Protein chains: 2
Amino acid sequence: MLKLTKKADYGLIALKYLAEHPEKTAVSAKDVADAYGIPAQLLAKILQQLTKSGLLKSHAGMNGGYALARDPGKISTFEVILAIDGPFFITSCTKGAKDCELSHNCTIKEPLARVNDTIAGVLKSISISDLTDHESAEGHAGDIAKIGLVSLSTHVVEAK
Amino acid sequence: MLKLTKKADYGLIALKYLAEHPEKTAVSAKDVADAYGIPAQLLAKILQQLTKSGLLKSHAGMNGGYALARDPGKISTFEVILAIDGPFFITSCTKGAKDCELSHNCTIKEPLARVNDTIAGVLKSISISDLTDHESAEGHAGDIAKIGLVSLSTHVVEAK
DNA sequence: CTTAATTACGACCTAAGCGGTCGGATATTC
DNA sequence: GAATATCCGACCGCTTAGGTCGTAATTAAG
Ligand code: FES
Ligand code: FES
């Protein structure tokens with residue numbers, strides 16, 4: 001029901017942690033897992049996925065671990081979710097495939113695709129550093145979200 | 001992975017169908033199901049849920065069926081999804097409950113809650129009649145989505 | 001060189017939720 | 001009272017999310 005997976009949640013937590021500790025050259029999966037009570041082996045696999053996707057750099061062996069591959073401001077939450085959960089679509093039937101046999105008469109998948117793009121855009125606009133900013137996030141994302149909410153809320157009232 | 005359920009999909013299809021056929025005073029679940037190849041019994045239950053939620057009016061017996069309880073322009077997709085899939089949160093851990101024991105150290109649920117609100121706002125801004133509008137939907141929702149995408153895309157470029 | 005830390009990878013397991021079906025009860029019209 | 005319908009709960013198979021286990025490969029420290 002439209003919620004992102006716990007894996008993605010964990011991944012975002014880990015990335016935020018890395019962004020908040022730039023002094024450490026490498027952080028082990030176990031460190032992060034212990035810090036937040038996340039199952040260590042699970043988090044390890046998640047970080048491996050993020051490494052394969054190029055969002056993290058890894059270093060095996062003692063004192064090894066993971067580090068951000070890029071500036072945290074240049075890693076969007078969209079990329080993270082994409083790397084962990086794979087391509088996501090709000091429609092249960094991906095229009096590109098033969099997934100659903102109703103697709104030819106389904107009249108709502110087109111407008112919903114636009115909603116999908118909107119959500120993707122929001123996610124793309126939020127970087128890891130936006131998550132890191134303490135207090136109410138004041139990055140671009142915060143502003144955009146606010147704009148979106150304000151301009152929407154007027155219509156919401158109307159719709160209510 | 002952040003997709004809405006097929007039930008919600010079906011529900012939206014049915015509501016759109018009702019909105020498109022205002023001449024019919026009542027449409028049976030079977031009619032809609034047959035029109036789109038949706039399992040009839042399943043759709044029936046969905047429409048019943050929508051009725052309980054006050055989005056539809058039902059009438060049993062011959063020539064009975066369902067009809068929109070309100071103007072299609074005053075029924076938001078958010079309400080539909082809410083009625084069918086229940087309250088949705090993008091965070092796997094609902095902050096209101098004791099759902100996740102990490103909640104006290106989880107540092108991302110707060111910023112994600114804002115994302116959640118933004119998405120909810122988008123959904124609230126899109127009514128059934130917006131879905132009905134043929135061609136690229138040109139309701140408030142279309143504009144808003146466009147605004148959101150445009151203003152976001154600039155930042156996306158920056159993030160890329 | 002041995003040992004410990006740590007990534008990397010795949011098989012596997014379990015519980016939950018989704019999508020769907022069945023059977024019956026109730027209401028309404030003809 | 002027969003034909004249509006909505007209503008409602010139980011049930012069920014399948015997929016997936018969430019998590020574990022075991023093991024191999026890599027690296028640093030002693
Ligand atoms: S495309 Fe399958 S139900 Fe919409
Ligand atoms: S609150 Fe549970 S992981 Fe974020």
Side-chain angles (χ1 to χ4, degrees), chain A residues 1-11 13-14 18 24-34 36-53 55-67 69 81 84-86 88 91-93 99-102, chain B residues 1-11 13-14 18 24-34 36-53 55-67 69 81 84-89 91-93 99-102:
Chain A
M1 58 182 79
L2 206 52
K3 67 173 62 163
L4 53 78
T5 63
K6 229 166 195 172
K7 290 184 187 179
D9 204 356
Y10 291 161
I13 292 175
L18 290 176
K24 307 193 180 185
T25 66
V27 179
S28 76
K30 189 171 185 308
D31 283 351
V32 181
D34 289 351
Y36 294 98
I38 301 173
Q41 313 209 60
L42 180 57
L43 182 61
K45 281 207 300 190
I46 294 169
L47 296 184
Q48 286 161 24
Q49 276 187 278
L50 293 176
T51 302
K52 276 198 297 185
S53 303
L55 300 180
L56 290 179
K57 287 181 304 180
S58 66
H59 184 56
M62 284 188 77
N63 297 330
Y66 299 90
I81 296 172
I84 296 175
D85 287 341
F88 84 108
T91 50
S92 19
C93 326
D99 209 15
C100 176
E101 279 314 314
L102 313 178
Chain B
M1 56 183 80
L2 204 51
K3 65 174 63 165
L4 52 80
T5 63
K6 230 164 194 172
K7 290 184 188 179
D9 205 356
Y10 291 160
I13 292 175
L18 289 176
K24 308 193 178 185
T25 66
V27 178
S28 75
K30 190 173 185 306
D31 283 350
V32 182
D34 289 349
Y36 293 99
I38 301 173
Q41 312 209 61
L42 180 57
L43 182 60
K45 280 206 303 189
I46 294 169
L47 296 183
Q48 284 161 26
Q49 275 186 278
L50 293 176
T51 303
K52 276 198 298 185
S53 303
L55 300 180
L56 290 179
K57 287 182 304 180
S58 65
H59 183 55
M62 285 187 76
N63 299 329
Y66 297 92
I81 296 172
I84 296 175
D85 288 341
F88 84 108
F89 297 98
T91 49
S92 17
C93 327
D99 209 15
C100 176
E101 278 314 314
L102 315 177

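In what follows, every heavy atom counts, from backbone to side chain, and hydrogens, waters and symmetry copies are set aside. In the text below, chain A, chain B and the rest are named by the order of the sequence lines, each starting its count at 1. Only a predicted model underlies this, so the values are computations on that prediction, with no experimental measurement involved.
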Subject >> Test salt bridge (Lys or Arg N to Asp or Glu O under 4.0 Å) applied to A:K52 - qualifying residues, sequence neighbours left out >> reply: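 So A:K52 forms no salt bridge (Lys or Arg N to Asp or Glu O under 4.0 Å) with any residue.
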
**OP:** Kindly write out the residues that satisfy salt bridge (Lys or Arg N to Asp or Glu O under 4.0 Å) with B:K24, not counting sequence neighbours, or none if the list is empty.
**Re:**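 Counting only residues at least two positions away or on another chain, B:K24 forms no salt bridge (Lys or Arg N to Asp or Glu O under 4.0 Å).
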
Send over the distance from [X] [atom1] to [N] [atom2], rounded to a whole Å.
X     : N      : atom1 : atom2 : answer
B:D85 : C:dC18 : CG    : C1'   : 10 Å
B:K52 : D:dC8  : NZ    : C1'   : 8 Å
A:I38 : D:dT20 : CD1   : P     : 12 Å
B:L4  : C:dC18 : CG    : P     : 12 Å
A:K3  : D:dA17 : NZ    : C1'   : 11 Å
B:D9  : C:dG20 : CG    : C1'   : 16 Å

**OP:** Using heavy atoms and a sub-4.0 Å distance, could you list which residues of residues 39-49 of chain A are near DNA chain C? By number, please.
**Re:**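 A:K45, A:Q48 - these, ordered by number, are the residues of the stretch whose heavy atoms sit under 4.0 Å from the strand.
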
Original post:
Taking only N and O in the side chain of A:S58, is any of them less than 4.0 Å away from OP1 or OP2 of C:dA8?
Top reply: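 For A:S58, the contact criterion (side-chain N or O under 4.0 Å from OP1 or OP2 of C:dA8) is met.
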
Original post:
Looking at residues at least two apart in the chain, or sitting in another chain, which of them share a side chain to side chain contact (heavy atoms under 4.5 Å, CB included) with B:K57?
Top reply: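 Checked B:K57 against side chain to side chain contact (heavy atoms under 4.5 Å, CB included); matches are B:A69.
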
**OP:** Under the side chain to side chain contact (heavy atoms under 4.5 Å, CB included) rule, collect the residues that match up with A:A44, sequence neighbours excluded.
**Re:**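 Expected list: A:A29, A:Q48.
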
Original post:
Closest heavy-atom contact between A:S58 and A:T51?
Top reply: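 Closest pair (atom of A:S58, atom of A:T51, distance): OG-CG2, 3.7 Å.
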
Subject >> Residue pair B:A33 / B:L43: nearest heavy atoms and the distance that separates them >> reply: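 Taking every non-hydrogen atom into account, N-CD2, 3.6 Å.
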
Original post:
Side chains of A:L56 and A:L18: does their closest heavy-atom pair fall under 4.5 Å?
Top reply: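 They are in side-chain contact.
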
**OP:** Would you please name every residue forming a side chain to side chain donor-acceptor pair (under 3.5 Å) with B:D34, sequence neighbours left out?
**Re:**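 Side chain to side chain donor-acceptor pair (under 3.5 Å) list for B:D34, sorted by chain: B:K30.
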
Do any N or O atoms of the protein come closer than 3.5 Å to N or O atoms of nucleotides 2-6 of chain C, and which pairs are they?
from	atom 1	to	atom 2	distance (Å)
C:dT6	O4'	A:G61	O	3.2

